[in-house]
Amino acid sequence: MSPSREGIEGRFDVAVIGAGVSGACIARRLSAYELRVALIEKEEDVSFGVSKANSGIVHGGFHHNKKYLKARLEVQGGMMFDRLKAELDFPFVRCGIVVAAMHDDELRGIGQLYSQGVENGAIGIEMCSRERLLELEPRLSPDCVGGLYAPGGGIIEPYRFVFSLVESARKNGVVLFTGWKLVSAAREELAWRLRSSDGRIVEASYVVNAAGLHADDVSRAFGAEDFRIQGRKGEYYLLDRLTKAKPDRVVFPVPSASSKGMLVIPTVEGTVLLGPTATSTDDKEDFATSRVELETILRSAKNLVPAISESDVITSFAGIRSVLGEDFYIDVSGKAPALIQVAGIQSPGLTASPAIGEYVKDLLKKAGLRLVEKADWDPFVDKVPRAKDLTPFELDEFVKADPAFGNIVCRCERVTEAEIVAAIRRGHTTLDGIKYFTRAQMGRCQGGFCTYRILKIIMRETGMAWDEITKRGEGSRVLGGEL
Amino acid sequence: MREFSFDAVVVGGGAAGMAAALALDSRGRTVALVDREAGLGGILLQCIHNGFGLIEFDEELSGPEFAERIEEGVRKSRIEAFCAATVIDLEAAGEEKTLVCVSSSLGILRLKCRVVVLAMGCRERNRGNIRIPGTRPAGVFTAGLAQRLVNIEGYLPGRDIVIIGSGDIGLIMARRMSWVGCEVHAVVEILPYPSGLTRNIVQCLHDFDIPLYLSHLTTRIYGRDRVEGVEVTPLENGALVPAKAFEIPCDTVLLSVGLVPENELSKKAGIDINPATNGPAVDSTMMTNLGGVFACGNVLHVHDLVDFVVEESRRAGGYAADWLDGQRPKAEARVKIGANVRYVSPGRVDLARENKIYLRSLVVKNDATLEVRLDKALVRSIRKNHVQPSEMISLELKPGELGAGSSRAEPVVEISIR
């Protein structure tokens, strides 16, 4: 996000390291107080790490035992999304979750999930007979024998959520630094002095380590707790919105000991997502998919929803969960002063993130940070109209005001030039950033028709030359030369 | 919101749409031609190589030249062209149809008509459709996007190139990239024979010493931020042989792995799709299951030559004019797909008049015989020196050739390759 590059050295009350969903929720929460807050991200744009490639669901509050912090934060966070949506205008629908048992043995697991859900205080959770389950989700396999229904679960566009959180935080004074990779942290008098790989300095009285997969490296840089984040890769398939296999609700299998299993997710934007797999990886940059894992996904997903077809696949991708033991690790560091650790935020991290923001705010207070509410805090962001959600009459009015709404750049997802320009003006200047903000390149042709148009709009709006445009930052230049 | 009325509206201003619109215009009908691009011509405009028009104009033209020839006719006609306008909805349930379009200059546009001709063409299959595993770096392009970047926008997609799939666009791009100083390291094809036309294999690969790996599958794309190479694995007797896999370093991957008719608008309007072609299921007049809605060109089935697209679309426009005149097919027979045939288009013939049909073979074969049977009785047998899946076969069936017709209520014409 180039505009923030202007952010030079600065002195802050709090620096949040990592602009994924945790860091973004924390920064936005802190933006409600009379504080100077820096949000630091090593990638070119926010939400480019763990937060961009996940299942995009708000969980139902039944997967984890109440003894875990994450179970509590999941239920608390899950309930905050309706309010957040009203304020932040991101795609979110509480469509409900079903867990389907495919044989009698699995029904025992269902009973266990139900009890956990009740103990956690998940609202409206119910056990379902086969008939009830098939009524709730007719695309389920007729082989199912019963299951669970959690009406509070939902679907969300995770990157749009993070983009909105960061936009809101910035609107309320948070300073964003992107392409800012931490190399060292030193305690000087009463503040931390943070240095980036390109020599930029940020000073902050308090630091929050929300560095996702790299929270272990960051912790070491502060001389704090020595722990190791284990990567666990999850691969996904995305299906075209015209698939006949789109369920009405998120469909889970009965979970195993290590994973919630592979799901069939009707994404909030109308496509269908299958996955994730779960394989440990030591390479935190390894986002490769493999033939074997992808075949597993299709097999498993067809078991739940038989109408799934290979011919509906439009893309596959992988994300990496940051695993640190059984629970989230969110606490004041016992070793380094004025450092809050937010690590091991794997599933249900996205669901819990609004509650993580609250929790970390309280930890900072406990650690001595003075919190004075801003009188003029504005929780709302400006809505960006999306052509695909407008009626022809509404779209006609928008075109009159701005002809760019009449130029459909991405035909698959019906994205207009005006939306691309809005993304760029908000600082999303890479192809991926524009994709996550607008959905252009995300449909069935995967950018085959619109990429050159987007390149031209980026050049026009930013003045960037052909060799400055990247897919997602340094090293990912899109074009190879000029004729 | 503006509204206009026409006898017919043609969706898509490429070769197919222009040819269909011209046919309707020549029959005295008012026609609107809608295209999302700034001008007419469609994908031909980025196909700056030669090889177009040998059948239609009896000379070898480039894509833009071919488009220009047809567009000249459109300019001289009374056809009203709406360019830079995208059709977002087709309401075609009743006698009167409405196309909802959006354009920067006109806002929302409603075009009312009795006849619609769908001529939206096709799109390229992409990496996800053929499920190539690996990383997702910059540098993976469909061949058509690369063609657009090089021929129109003036940019190179990369320098060191591997082309996946031996479709015609991929072959053409292999030559094009070589011409602009890039190194094309390989063309990788999963099938044991090329997917593109023979003349393109010779002119685009052999003439440039570009290796073609047949019966090889791209099993992985690697590279973190930008493509660093592909892993290719040979297939022996239909099975992958991982022990013989090898890597080809490159910074760019171009995909030429097939084309799919673009029928999202058709599907939304309730038009039945033929799973063999991915185009609308049509009768002997190329009319879909919605009365008055016709389809032609690559949106109906993917053609190999634009000359055939124009021939077919001109007829479709004529049939649409017939329909407006109140004519209906007289004695339709269902076309049954026989041995070694992938598809036949259209899926019905009219026994009472001359029919032209296009088909594709499932097999590569020399000295083949095309057999036509009416209600199981052999009515015609045509010798073919060579058939292959990449080259379309055309077949004319005259009323006399189908015998005295059929006595059955639902006659069946079966076409097979022996």
Side-chain angles (χ1 to χ4, degrees), chain A residues 235 237-238 241-242 285-294 310-311 313-318 387-388 392-393 395-400 403-408 411-412 414 416-417 431 444-449 451-452 455-456 466 470-483, chain B residues 1-2 36 84-86 88-89 100 102-108 110 123-139 141-142 144-145 148-150 152-161 180-182 219-222 224-226 240 251-252 255 260 262 264 267-268:
Chain A
E235 299 181 26
Y237 265 132
L238 188 68
R241 59 175 67 246
L242 290 178
E285 304 287 329
D286 171 22
F287 292 94
T289 54
S290 72
R291 192 157 288 269
V292 178
E293 293 290 307
L294 290 175
E310 272 96 334
S311 57
V313 173
I314 54 178
T315 192
S316 57
F317 62 89
K388 78 179 185 58
F393 290 96
L395 186 53
D396 199 40
E397 292 302 312
F398 277 106
V399 179
K400 276 182 201 150
F405 275 105
N407 179 17
I408 295 182
R411 59 176 79 167
C412 305
R414 195 178 292 175
T416 63
E417 183 184 338
L431 281 184
R444 61 182 66 88
C445 90
Q446 289 284 297
F449 284 114
T451 300
Y452 77 86
L455 293 173
K456 283 162 75 169
W466 66 269
T470 65
K471 185 172 191 298
R472 53 169 173 257
E474 202 182 340
S476 66
R477 203 167 80 183
V478 177
L479 296 168
E482 201 173 16
L483 281 176
Chain B
M1 197 174 298
R2 303 189 192 199
R36 59 180 131 225
T86 305
I88 55 174
D89 249 318
V100 183
V102 53
S103 120
S104 293
S105 52
L106 299 169
I108 296 281
R110 288 173 67 87
R123 69 161 180 275
E124 298 176 279
R125 295 216 298 161
N126 59 49
R127 175 181 178 182
N129 300 139
I130 57 165
R131 299 190 278 128
I132 306 173
T135 53
R136 288 158 53 85
F141 300 83
T142 59
L145 172 57
R148 169 92 203 189
L149 288 171
V150 176
I152 305 217
E153 309 301 335
Y155 296 109
L156 297 178
R159 294 281 175 186
D160 287 283
I161 292 157
V180 293
C182 298
T219 38
R220 192 163 55 92
I221 292 174
Y222 60 90
R224 201 183 89 99
D225 296 317
R226 176 84 197 187
L240 285 171
D251 67 13
T252 303
L255 295 160
V260 200
E262 273 237 295
E264 283 64 39
K267 287 179 190 168
K268 264 174 56 191

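Chain A is the first sequence line, chain B the second, and so forth, proteins listed ahead of strands; every chain is numbered from 1.
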Between chain A and each of B:G134, B:C182, B:G154, B:P157, count heavy-atom pairs under 4.5 Å; write down the option with the most. B:G134
Between atom CD of B:E153 and atom NZ of A:K456, what is the distance when rounded to the nearest 0.5 Å? 3.5 Å
When the 4.5 angstrom heavy-atom criterion is applied to B:E264 and chain A, the contacting part is both
B:R220, B:R131, B:R127: which one forms the most heavy-atom pairs within less than 4.5 Å of chain A? B:R131
Would a 4.5 Å heavy-atom cut-off, applied to side chains only, mark B:D89 and B:K268 as touching? yes
Less than 4.5 Å to any heavy atom of chain A: does that hold for the side chain of B:N129, its backbone, both, or neither? both
Roughly how far, to the nearest 0.5 Å, is the CZ atom of A:F393 from the CD1 atom of B:I108? 9.5 Å
Choice from B:A84, B:G158, B:S103, B:P137 maximising heavy atom contacts with chain A below 4.5 Å: B:S103
Between CG on residue A:L455 and OH on residue B:Y155, distance to nearest 0.5 Å: 8.5 Å
Options A:S476, A:A288, A:G481, ranked by heavy-atom pairs under 4.5 Å with chain B, top entry: A:G481
Using a 4.5 angstrom heavy-atom cutoff, name the option from A:T315, A:D396, A:I408 with the most pairs to chain B. A:D396
CH2/A:W466 to CG/B:L156 distance, rounded to the nearest 0.5 angstrom? 7.5 Å
What part of A:F449 is in contact with chain B, defined as an atom under 4.5 angstrom from a non-hydrogen atom: side chain, backbone, both or neither? side chain
Just give me the residue among B:G107, B:G139, B:G181, B:S105 that pairs up with chain A most often, heavy atom to heavy atom, under 4.5 Å. B:G107
Contact leader toward chain B among A:E285, A:E397, A:R411, A:K471, where contacts are heavy-atom pairs under 4.5 Å: A:R411
Using the test salt bridge (charged side-chain N to carboxylate O under 4.0 Å, His left out), find all partners of A:R414 that sit at least two apart in sequence or belong to another chain. none
Where does B:Y222 contact chain A at under 4.5 Å (heavy atoms): side chain, backbone, both or neither? neither
Less than 4.5 Å to any heavy atom of chain A: does that hold for the side chain of B:R148, its backbone, both, or neither? side chain
Can you tell me which portion of A:E474 sits under 4.5 Å from chain B's heavy atoms? Options are side chain, backbone, both or neither. backbone
Side-chain (B:N126) to main-chain (B:T142) donor-acceptor, under 3.5 angstrom: no
Rounded to the nearest 0.5 Å, how far does CZ of B:R136 lie from CG of B:D225? 13.5 Å
Contact part of B:R123 toward chain A, heavy-atom cut-off under 4.5 Å: side chain, backbone, both or neither? both
Do side-chain atoms of B:E124 reach the backbone of B:G144 as a donor and acceptor pair under 3.5 angstrom? yes
For A:F317, which atoms come within 4.5 Å of any heavy atom of chain B: side chain, backbone, both, or neither? both
Flag, side chain of A:T416 to backbone of A:N407, donor-acceptor distance under 3.5 Å: no
Taking every non-hydrogen pair under 4.5 Å, which of A:V313, A:V399, A:L395 racks up the most with chain B? A:V313
Quick check: does any side chain N or O of B:S104 sit under 3.5 Å from a backbone N or O of A:P403, one acting as donor and the other as acceptor? yes
Proximal component of A:R472, with respect to chain B [non-hydrogen, under 4.5 Å]: side chain
With a 4.5 angstrom heavy-atom cut-off, could you sort out which part of A:L238 is near chain B: side chain, backbone, both or neither? neither
Part of A:L479 lying under 4.5 Å from any heavy atom of chain B: both
Assess the side chains of B:T252 and B:R226: does a donor N or O sit below 3.5 Å from an acceptor N or O? yes
Might you point out which heavy atoms bring B:I132 and A:R291 nearest each other, and give the distance in Å? CA-NH2, 4.5 Å
Side chain, backbone, both or neither: which part of B:I88 has an atom under 4.5 Å from a heavy atom of chain A? both
According to ring-ring contact (aromatic ring centres under 6.0 Å, His included), who are the partners of A:Y452, at least two apart in sequence or on a separate chain? none
Do you know which of A:S290, A:A387, A:P392 has the most heavy-atom pairs with chain B at a distance under 4.5 angstrom? A:P392
Go through A:S311, A:C445, A:C412, A:G447 and name the one with the most non-hydrogen pairs under 4.5 angstrom from chain B. A:C445
Side chain, backbone, both or neither: which part of B:V150 has an atom under 4.5 Å from a heavy atom of chain A? both
